[in-house]
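Only a predicted model underlies this, so the values are computations on that prediction, with no experimental measurement involved. Letters A, B, ... are given to chains in the order of the sequence lines, protein chains preceding strands, and every chain is numbered from 1. Below, each value reflects all heavy atoms present in this structure, side chains not excepted, and no hydrogens, waters or symmetry copies.
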Number of protein chains: 2
Amino acid sequence: MDNKSALFSKLVNHYRQKPISFHVPGHKFGRGFNPIGKSRYKDLLTIDLTELNGLDYLHQPKEVILEAQQKLAELVQADYSFFLVNGSTSGNLAMILATINPGEKIIVQSNVHKSVIDGLFLAKANPIYINPALIPQLGIAGCVDRQALADMLIQNSDAKAVLLTNPNYYGIGADLTDIAKLVHQYKIPLLVDEAHGAHFGFHPSFPASALVMGADVVVQSTHKTLSAMTMGSVLHVKSNFVDVERLKLFLSMVQSSSPSYPIMASIELTYSWIKEQGACLWEKQLDAISWLYENTIGLKNIKLITDIDKCYYKDPLKIIIQTKNNLFTGFNLQALLEERGIYFEMADLYNALAIITLGNSFRDVMRLKQVLFEIDNVISLSLIGSNEEMFRIAKEFTAIFDYNKGNSIPIEKVLYRRNISLPVKEAIGEISAKAIMAYPPGIPIINYGEEITKEAIEYLLLLKSKGVKFQGLEDETNNYIRVLDRTNIID
Amino acid sequence: MDNKSALFSKLVNHYRQKPISFHVPGHKFGRGFNPIGKSRYKDLLTIDLTELNGLDYLHQPKEVILEAQQKLAELVQADYSFFLVNGSTSGNLAMILATINPGEKIIVQSNVHKSVIDGLFLAKANPIYINPALIPQLGIAGCVDRQALADMLIQNSDAKAVLLTNPNYYGIGADLTDIAKLVHQYKIPLLVDEAHGAHFGFHPSFPASALVMGADVVVQSTHKTLSAMTMGSVLHVKSNFVDVERLKLFLSMVQSSSPSYPIMASIELTYSWIKEQGACLWEKQLDAISWLYENTIGLKNIKLITDIDKCYYKDPLKIIIQTKNNLFTGFNLQALLEERGIYFEMADLYNALAIITLGNSFRDVMRLKQVLFEIDNVISLSLIGSNEEMFRIAKEFTAIFDYNKGNSIPIEKVLYRRNISLPVKEAIGEISAKAIMAYPPGIPIINYGEEITKEAIEYLLLLKSKGVKFQGLEDETNNYIRVLDRTNIID
């Protein structure tokens, strides 16, 4: 019995005892599974079990799942840690529902993930949005300024929580220590969507985790930068301002009552491995990353971003590339990489983003370097002229990107009202019935209930012309948008 | 390329092209996974991918996921079918949120799954509960009577939907055709939690599906009686009374924005297999079940339930056993079976329940028969006297089991109010701050906001003494219960 990953061991041991299953799941250790899929599924389905005696139950853990969560809490210095099987989405929903009563104010960073907006809706919260600073070099949003937050808290001293996203999708974030102290002066919790920072704190070269910097509730995607199966996430609590019983109640509300044991065990295995191996787990990847920066200095048209404004930290596992002088977009770069068998995480107009994890070898990074030089030559050979017009549109949109501009109506009024479908180009001036976002990163460009501006539509069409995938647009070709029916706009 | 399961094929093909991944998930085809777990996980993690080009996106499907859902809709005669990765829990939440505006009435069968109660809370619905008839022979609830529902609709003609659970956990249900017609007279949808009937309609000996009987929205657990991975469920729509766009919006709200491809592909593989093989898939299991009934007639103390009141159907894949004259409880039977390596789905005071699926062989059923005869002898050798007192308590509780008795306060008022922890025995007369249920089946014994009766506590303590697993009780030993703080009870 491997006590370091006791849940996984119990699942395997149960199967080894050759039990006869007259319970769910119906595939029964994979025996009743479509033969076409067996080669991939058969080993894992032997541990795709249900809450049998000895296997505990996620929504009221008392034994092996409770112990695994306690070990995790100890590892990350939390009071409580919870395994999530419905992704960081479920953690974000539950942390808002657990801290905000209907109608209460919450100060929220404006460029949050869709799941945060959804949590605000389900909690019937009254969000006060705070805009992050922009990072001009990357054309993306950075972090919330401490002073701006201090001012906002003075104006909204009745707010019941502050919610930030830190780091952003690109691994760029800020030290939250002073912000946490500020928030705690109001005796309210700091909630942090740290989906992209599950590895923080586990190596000296990684940023500190939000929890260690003083946040009260932190949600992390164990599947993103660590090694859990997709949908495996965690939520940590270390707080004097959060009712943990209420949190548990909402966690069980937004997650399946038949939680996946393979996902839970993959979370356990991730952290038991880190506990056992420590920081040395990442030496190979960090070596490879240093090697990559050193060996790409000779690129003529592509640059790897290394210098970020000092007020931020940058996660070393994220590699951000751009073309110098923005000859090509991030989308162009991503496409050129994919043609050569290299799949990046995401692109935007300016950047393409790679995530390097324990799953990457030195060889992967060597191949990346080789391909970057190949592409570097393609770019110089096929100069397509500048993208000035495009960047003008993007800059105009970015400049007005502000959820507080006052022409929004509350989410609940949007979701409960009749809406109609309009061609995108005809939607200017209407009220959006959906959150529209490029996915990834899943951060709304137009939010529910927001008045649709000319600039937003131009930006949308621009991204669309670059082949960006959208969520929130209507039809298969992304030509339609759902807006509120004007005949029914006032309650 | 296997076009019958195109999503699965695309996942496998992507891996076969030896792509280099600089994206999530961090395990990267399993290469960065804890070596201790690799033997079980490695094959499946090769297809645990993310929304890459060609792999579509669950929350706005346009390609392979959309096609897989359309094939499913065709198979089950739905207008629309949706894959769910967060279990039937997410389907139940979304179907209520999609059909009920805040404050609107919905008529709800009283013995519903916890996720339905949670959906009512999140939708801020005004539930009007209707009690099902009891099945005395089994000591469990059956179905809602059509005439009772007709009367309730007359009294509540402003209700916006009717929600039923059909079949129940034991596979017992009713023909909904007339009920659907009745509900449609009010131009409102019939919503059905058919979690336990995912296989209905796929074999002549199975009951018809709720959808075919006229229901508007139906949620089914593909992982329960069919073959998907745990958390794999589906939702079907065939309705003139449901806004499908609004439904999609809520489905994406209650499910991870990083949905699991292995779960989605396991749903696809389940239905592509059924489409290919048809009803003959189940011949072996149905033969084995007939054989079991024929060959257990000689049991002296145990009976297999075959005769159910004619107003109900019984799912042939569910086997319900009892001791004659209730010498032993269902829990006793379950424990005796487990000692012999046979794991049943569930037990209650009277019954123990087995689910037979495509994952079971004839040999499993032969072993069950053998063990039943072994236990039959143990029972006759060790008569422990009657359980009269126990059944008296259970009957008293069952007789008052009624969510409409008027001493409840709305869920939202409970969840947002301070609560305290009390020893179970001291909680009589208090208002429960949690839904308390035996799990499985996950149907509340005491609901959020319900006044805790002496009978409910006696029943709870009785079940507890039988080793039942609870959700909703407070501590690790189930000795405490959360109740509203009386100092703070009135708004």
Which region of [X], side chain (C-beta onward) or backbone (N, CA, C, O), has a non-hydrogen atom less than 4.5 Å from a non-hydrogen atom of chain A, or is it both or neither?
X        : answer
B:Leu317 : neither
B:Glu245 : both
B:Ser88  : neither
B:Val85  : both
B:Leu353 : backbone
B:Leu226 : backbone

Side chain, backbone, both or neither of [X] within contact of chain B (heavy atoms, under 4.5 Å):
X        : result
A:Thr89  : side chain
A:Phe29  : neither
A:Tyr448 : side chain
A:Asn92  : neither
A:Ile100 : backbone
A:Leu52  : both
A:Ala265 : both

Cation over ring, B:Lys124 on A:Phe121, under 6.0 Å and within 45°?
->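 Verdict for A:Phe121: a cation-pi partner in B:Lys124.
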
What option among A:Ala435, A:Ala198, A:Ala354, A:Ser361 has the most heavy-atom pairs under 4.5 Å with chain B?
->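 Among A:Ala435, A:Ala198, A:Ala354, A:Ser361, the one with the most close pairs to chain B is A:Ala354.
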
Within-4.5 Å side-chain heavy-atom neighbours: A:Lys114 and B:His59 |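 SC-SC contact between A:Lys114 and B:His59 ruled out.
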
